Amino acid sequence: MLTHALIGDEGRTIDLGWQDGSRSRFHAMWLRDNALDDKTRSAGNGQRLITILDIPANTRIGAASIKGGALEVSFVPEQKTVSFPAAWLSANAYDRDAGRQPGWTGEATVRWTKASMQNSVPRAGYVAASRDRAVLGQWLSAVKTYGFAMMEDLPTESGALCKVSDLFGYIRETNYGRWFEVRAEVNPNNLAYTNLGLQAHTDNPYRDPVPTLQILSCIENTVEGGESSVVDGFAVAAALQAENPEGFRLLSSCPARFEYAGSSGVRLQAKRPMIELGPDGELICIRFNNRSLAPTVDVPFSDMEAYYAAYRRFAELIEDTSFEVTFKLEAGQAFIVDNTRVMHARKAFSGTGKRWLQGCYADKDGLLSTLAAIEHGFKEVAE
Ligand code: NM2
Ligand code: OGA
Ligand code: ZN
C-alpha cells in the first residue's frame, strides 16, 4: 500500500512512501521508460514499442497522485499520464543499499555441502515429472536453487537422456554430438572416454559460452568403481574467499586459458577466469578442469606464485570430502548439474561388468524460462 508520493528535484525524482514506513525513490526518466501503457509496450507481447530516443531528455514529473492503489504520473513536456500499480513499483524498486560483497549470489541460490545435501538430494521420477507440472516445477526449482538434481525411472535405452532435456528446453549440440557416449574406448578423443578417475570438474571450459547444463544418464553400471560425486563450486568459492580473500581475488580477476584440441578439425579455446564475477560482483561462473587448463599467461609475473597457491587451495577444498556428495549411478538414473556452478567427478573403474553412460548439454536459460512459466501459471490459477 502506497501512503504518499512527493515530487522532488524539480520533477526529476519522486519519493514514494509505503504502509510499513519504508520509502523508495524513482527517477522520472526511469518511470517514463518503463511505462506500462499500450503506446509504450505492446499489449500483445509485452515488448517495448519505443526507444530511449523517443523520450525527451528533459522529461520531468509534472504531477503525481495515488489513485486506487496505484501511482498516477503525468510527464512533461509530453503531457502523458500513466499509472503504475503499487505491486509493480514494489517489485521493481531499485532504491536500496547495494552493500554486497564481491562473490555475492541472489536469494535463489542456496549453497550446500555434504552435511546439508548427501541425505536430501532433490530427485524426481521421470514418469511423474512428465505427467505432473507441479512435480516438474519442483524438480526444476531444485536445479535453480542447488544446481543439482537426480532423475530416476528413465527407460534404460539409448537416448533416454533427451527425454530429460525435452521436459524443460533444448539440447546444446557441440562437436561431441547432440549427445555422447561416455564409456571406455580405444583411442579416446577425450579422457572422459576411458576408465580413469576424473577430478571434480566443470565441462567444456574451453567453450565460450560454456554449456550451462549437463545431463549424465546411466544405461548400465556393473563395474567395480565408477562412483560419481558432485561439489557445489559456489560453496567452495565462498570457503576460499573466507580463508584467503587475496587468492579469491586473483582467481576471479585474472583470466585462465582453456583449450581442447583432442580430435582433428577442433581447436577450442577460451580465456576466462576460474571464478567469474559479474560487473556488480555477483558470482556467476566456476570453470575448473585440470585436463583442459592451458598455460596461464594473463597473471602478472609478480602474482603468479600467489595465483598458483590459490589454485592449489581451491583444488584442495574441491577435493575436501566435506563438500562432496557421492553416489553410484544405477541403470535408469540420471543427474543434471548447473555446469556454471556444480562440479562433477568419477572414480576410476575396472574389473568385470560394463559402464555405459550418456551425456548431453542443455541451456539453463530455457530451464529457468520453463520454471518461471510453470510458477506464473500456478500463481494465475491461485488468483
Ligand atoms: N565430454 C564428455 O569438458 C570436457 O572435456 C569433459 C566432455 C567428452 C563431452 C568431457
Ligand atoms: C563427463 C564426465 C563422468 C562419468 O562425461 O563429462 O565427467 O561418470 N563423466 O563418467
Ligand atoms: Zn565431465
Side-chain angles (χ1 to χ4, degrees), residues 91 105-156 159-172 179 202-203 211-218 228-235 282-286 323-344 357-383:
T105 49
E107 281 158 26
T109 298
V110 178
R111 289 174 174 74
W112 49 265
T113 61
K114 184 187 198 74
S116 64
M117 183 57 109
Q118 182 70 57
N119 297 318
S120 54
V121 168
R123 54 183 86 230
Y126 171 69
V127 176
S130 59
R131 289 190 185 150
D132 186 337
R133 301 283 280 175
V135 172
L136 178 60
Q138 278 170 21
W139 190 77
L140 298 176
S141 171
V143 179
K144 176 177 174 177
T145 307
Y146 305 109
F148 165 61
M150 304 268 306
M151 185 149 282
E152 303 178 307
D153 307 325
L154 282 160
T156 52
L161 77 174
C162 303
K163 293 182 187 290
V164 179
S165 60
D166 284 346
L167 288 173
F168 61 76
Y170 302 94
I171 285 185
R172 163 111 178 256
W179 42 273
T202 60
D203 263 40
T212 44
L213 295 170
Q214 182 178 24
I215 300 168
L216 276 169
S217 74
C218 177
S228 307
S229 57
V230 287
V231 176
D232 181 0
F234 283 9
E282 181 180 7
L283 177 54
I284 54 174
C285 190
I286 302 292
F323 282 109
E324 175 190 64
V325 166
T326 54
F327 51 93
K328 185 162 179 173
L329 275 183
E330 291 168 19
Q333 288 185 324
F335 71 86
I336 185 168
V337 282
D338 178 341
N339 191 50
T340 68
R341 168 180 173 189
V342 172
M343 290 166 271
H344 59 286
L357 269 51
Q358 292 183 328
C360 72
Y361 303 116
D363 294 321
K364 188 170 66 172
D365 57 359
L367 183 149
L368 296 176
S369 161
T370 302
L371 171 61
I374 290 174
E375 287 175 342
H376 185 74
F378 282 138
K379 216 164 46 185
E380 275 188 339
V381 170
E383 273 164 13

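Keep in mind that this is a model prediction, so the values were computed, not measured. Computed over heavy atoms, backbone and side chain alike; hydrogens, waters and symmetry mates excluded.
Proximity of K163 to Y126: side-chain heavy atoms (C-beta onward) are separated by under 4.5 Å at one or more points. Side chains of C162 and W179 form a contact here, defined as non-hydrogen atoms less than 4.5 Å apart. Considering only heavy atoms from C-beta on, W112 comes within 4.5 Å of V325 through its side chain. The shortest side-chain heavy-atom distance between F168 and V143 does not fall under the 4.5 Å cut-off. Using a 4.5 Å cut-off on side-chain heavy atoms (C-beta onward), L213 and V337 make no contact. Contact check for I215 versus M151: no side-chain heavy atoms found under the 4.5 Å cut-off. Contact check for L368 versus K144: side-chain heavy atoms found under the 4.5 Å cut-off. D132 is not listed as a side-chain neighbour of L136, based on a closest heavy-atom distance of 4.5 Å or more.
Remark: side-chain polar atoms of Q333 are not paired, donor with acceptor, to backbone N or O of C218 under 3.5 angstrom. A donor-acceptor pair is defined here as one N or O able to donate and one able to accept, closer than 3.5 Å; no such pair exists between the side chain of Q118 and the backbone of A115. Proximity of a side-chain donor or acceptor of T212 to a complementary backbone N or O of K364 within less than 3.5 Å is detected. A donor-acceptor contact shorter than 3.5 Å is absent between the side chain of T340 and the backbone of C285.
Taking CE of M150 as the reference point, atom CD of E330 lies at 8.0 Å (rounded to 0.5 Å). To the nearest 0.5 Å, atom CZ of residue F335 and atom OG of residue S217 are 10.0 Å apart. Rounded to the nearest 0.5 angstrom, D363 CG and S369 OG are separated by 11.5 Å. Distance CG/L167 to OG1/T370: 9.5 Å, rounded to 0.5 Å. In this structure, L371 CG and H376 NE2 are separated by 13.0 Å, a value rounded to the nearest 0.5 Å.
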Item checked: Stepwise side-chain contact (heavy atoms from CB on, under 4.5 Å) test for V164 and W139 -> CA-CA 11 Å; V164 179; W139 190 77; 3.8 Å; yes

Next item on the list: With side-chain contact (heavy atoms from CB on, under 4.5 Å) as the test, would you mind laying out the steps for M117 and V230 before giving the verdict?
Entry: CA-CA 10 Å; M117 183 57 109; V230 287; over 6 Å; no

Item checked: Pair V342-V231, side-chain contact (heavy atoms from CB on, under 4.5 Å): steps then yes or no -> CA-CA 6 Å; V342 172; V231 176; 5.9 Å; no

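Classification of the F327-F148 ring pair by plane angle, with boundaries at 30° and 60°, yields parallel.
Among all heavy-atom pairs drawn from L154 and A334, the shortest one is CD1-CB, 3.5 Å. Minimum interatomic distance between I171 and S165 (heavy atoms only, all atoms of both residues): CG1-OG, 3.2 Å. P155 and A160 get closest at one heavy-atom pair: O-CB, 3.2 Å. Between L329 and S228, the shortest heavy-atom contact is CG-OG, 4.1 Å. Between M343 and T202 the shortest heavy-atom distance is CG-CG2, 3.7 Å. Across all non-hydrogen atoms, the minimal contact from G125 to D153 is CA-OD2, 4.0 Å.
Judged as a salt bridge (charged side-chain N to carboxylate O under 4.0 Å, His left out), and not counting sequence neighbours, K114 has no contacts.
Residues Q214 and N339 bring no donor and acceptor atom of their side chains to less than 3.5 Å of each other. Side chains of T105 and R111: a donor on one and an acceptor on the other come within 3.5 Å. Side-chain contact of D232 with Y146: a donor-acceptor pair under 3.5 Å is absent, judged by distance alone.
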